[in-house]
Every structure is written in structure tokens, then in C-alpha cells.
Amino acid sequence: MPILPDHQMHDWDLTPRQAVALQRELAARVERSDRIADVRHIAGVDIGFEQHGEVTRAAVVVLEWPSLAVVEELVVQTPTRMPYIPGLLSFREIPAALQAFAQLQSDVDLIMVDGHGVAHPRRLGVAAHLGLWLDRPSLGVAKKRLTGQHGEVENQRGAYTPLRDGDEVLGVVMRSRQSVKPVFVSPGHRLSVDTATQWALACLGRYKLPEPTRLADRLASRR
DNA sequence: GCGACAG
DNA sequence: ATCTTGTCGC
């Protein structure tokens, strides 16, 4: 999968202060409206850590749409180069993800990441960051809230309520499965909140996480 | 100052 | 995130 060349985004040796400054610039480049064509392949991405955080592991599963059949799987491990700082998680996770996408054979039309999209204090969660880098539509599906407020979500599979920060709607809180804590869906790059929500719904199987992310999660945790 | 804080 | 088994409930 071709990666958008951009020297500005290659600098990972940043102090937290510098990362925040770069983060603001990148967030301004994230497209918040739909720019998405025919979807043939969806990538599910999960990034985690091993060896007490010394190693970063990225798992990517490519699914065919609409069958959701798996067409490619890949796991890469690379030394971690940044500590965990809330709000700067993408800078810690992305190097491994990029390495995985660089090795991927399939081209993907939509990227679903385990984590937030624009539902982030400075609107640059890992899903937005990765989508921007790869110049692909992306969305984030997170298991915990990072920012924003929301009301109760009806206890019925597929129900959702907006996640907002003041007047701004960042995404939705979705009951992906009955009687299970809801997930946080937000668009990353080139997607509106509504379209991101529809894709999350369309990829729901019988589990809490939508298929792309669930399979990436599973691939990552079975060594 | 105090609490919150994706993975 | 990670360290970790069985168990209760929908």
C-alpha cells in the first residue's frame, strides 16, 4: 500500500511540547467531510505493546466488503520510541502501524482503528492521524472515552447517541451489542460523523467490536 | 490546586 | 496496553 510522502510527518523524535505543536498542524489537515469512493477492502488495525512497553505491535487485517471475508493478515513488531502520554498516543503507536501498511499487499479503501478518530482533545486521535498519513478514509472505534460528553445509550444493539464537546459533535457512543458497555465511534480522515457511524454499524457482527477491529485485536493477542 | 486521562 | 481462571448473567 503506497504511503503518502511527507517529510513533515516523518519526525517521530519529538518532545511532548513539539508533538503537541505538530499535532495541531496535522489536525487542521484532517478532512471532516466524506471523500470516499467504492469500498472493496476494509482494514482493521490494532496496536498494542509488549515487553513492558519496549516493543510496539501492530496487527492489520484486511477484509473484503461486503462479505467481510479476510483476505490478508499481518503483524509487525518494532521498538517503541515514545512513552505513553494521554493525548499523544498516536505518536507512540503510528510507527508500527506505518511499517505494517508499508508491507501490506492489498490496497485498502477504508481503515478502522482501535482507538479514537477526532474524538480527541486536539482532534487527532490515532485513527485520524493514520488516515491522514495514508490519505485514506478512516474511523476510530474506542472502548473508552477520552473526551466529550454524552447521554445514556439505549440498551439495544445498534443504538447510539452523540458524543459532543460543546456544540461540536465528535462522534457517537454506540451500543454495539446488547447489555455490553458501548463503544466510541468517531471519524478520522475523509469521513463525516454520519458516514463513520454507518460503517461501524455495517461492520457489526455478533460481538462488541465491529469485525475489522475485532479480528485485528484477536490476531494481535494470539501469539 | 484537583481530577481526568484512547492504547 | 499488560499481568491472568473461572464464573455469573443476558
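Numbers restart at 1 for each chain; the letters A, B, ... are given by sequence-line order, proteins then strands.
In this structure, A:Tyr84 does not reach the C:dA1 phosphate: none of its side-chain N or O atoms is under 4.0 Å from OP1 or OP2. Between A:Lys144 and C:dA1 there is no side-chain polar atom (N or O) within less than 4.0 angstrom of OP1 or OP2.
Taking a centre distance below 5.5 Å and an interplanar angle below 30 degrees as the stacking criterion, A:Phe184 does not stack against the six-membered base ring of B:dA6.
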| said: Quick one, A:Glu152 with A:Arg175, criterion salt bridge (charged side-chain N to carboxylate O under 4.0 Å, His left out). Give me CA distance, side-chain angles, the key distance, then yes/no. | reply: CA-CA 10 Å; A:Glu152 292 299 306; A:Arg175 190 79 66 180; 5.5 Å; no
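Taking atom CD1 of residue A:Ile94 and atom P of nucleotide B:dA6, one finds them 17 Å apart after rounding to whole Å. Distance NZ (A:Lys181) to C1' (C:dG9): 17 Å, rounded to an integer number of Å. If you measure from atom CG of A:Leu209 to atom P of B:dG7, you get 10 Å, rounded to the nearest angstrom. Between the P atom of B:dA6 and the CD1 atom of A:Ile85 lies a distance of 13 Å, rounded to the nearest Å. Atom CZ in A:Arg122 sits about 15 Å away from atom P in B:dC5, given to the nearest Å. To the nearest angstrom, C1' of C:dG9 lies 13 Å from CG of A:Asn155. Remark: P of B:dC5 and CD of A:Gln149 are 12 Å apart, rounded to the nearest angstrom. Rounded to whole Å, atom P of C:dT2 lies 12 Å from atom CD1 of A:Ile47.
Looking at heavy-atom distances under 4.0 Å, A:His52 makes no contact with the nucleic acid at all. Note on A:Gly87: a base of the nucleic acid sits closer than 4.0 angstrom, heavy atoms only. As judged by a 4.0 angstrom heavy-atom cut-off over every strand, A:Leu89 is placed among the base-contacting residues. Residue contacts shown for A:Arg145 are limited to sugar-phosphate atoms, with no base heavy atom under 4.0 Å away.
A donor-acceptor pair is defined here as one N or O able to donate and one able to accept, closer than 3.5 Å; no such pair exists between the side chain of A:Arg164 and the backbone of A:Pro162.
Of the residues listed (A:Arg57, A:Gln99, A:Glu50), the one engaging A:Gln77 in a side-chain hydrogen bond (donor to acceptor under 3.5 Å, both in side chains) is A:Glu50, and it is the only one.
Geometric assessment of A:Arg92 against the ring of A:Phe49 yields a positive cation-pi assignment under the 6.0 Å and 45° thresholds.
With respect to A:Asp46 and A:Arg214, no salt bridge is recorded, no charged nitrogen being found less than 4.0 Å from a carboxylate O.
Of the listed nucleotides (B:dA6, B:dG7, C:dA1), C:dA1 has the atom at the smallest distance from the side chain of A:Arg57. Relative to the side chain of A:Val126, the nucleotides B:dA4, C:dA1, B:dA6 differ in distance, and B:dA6 lies closest.
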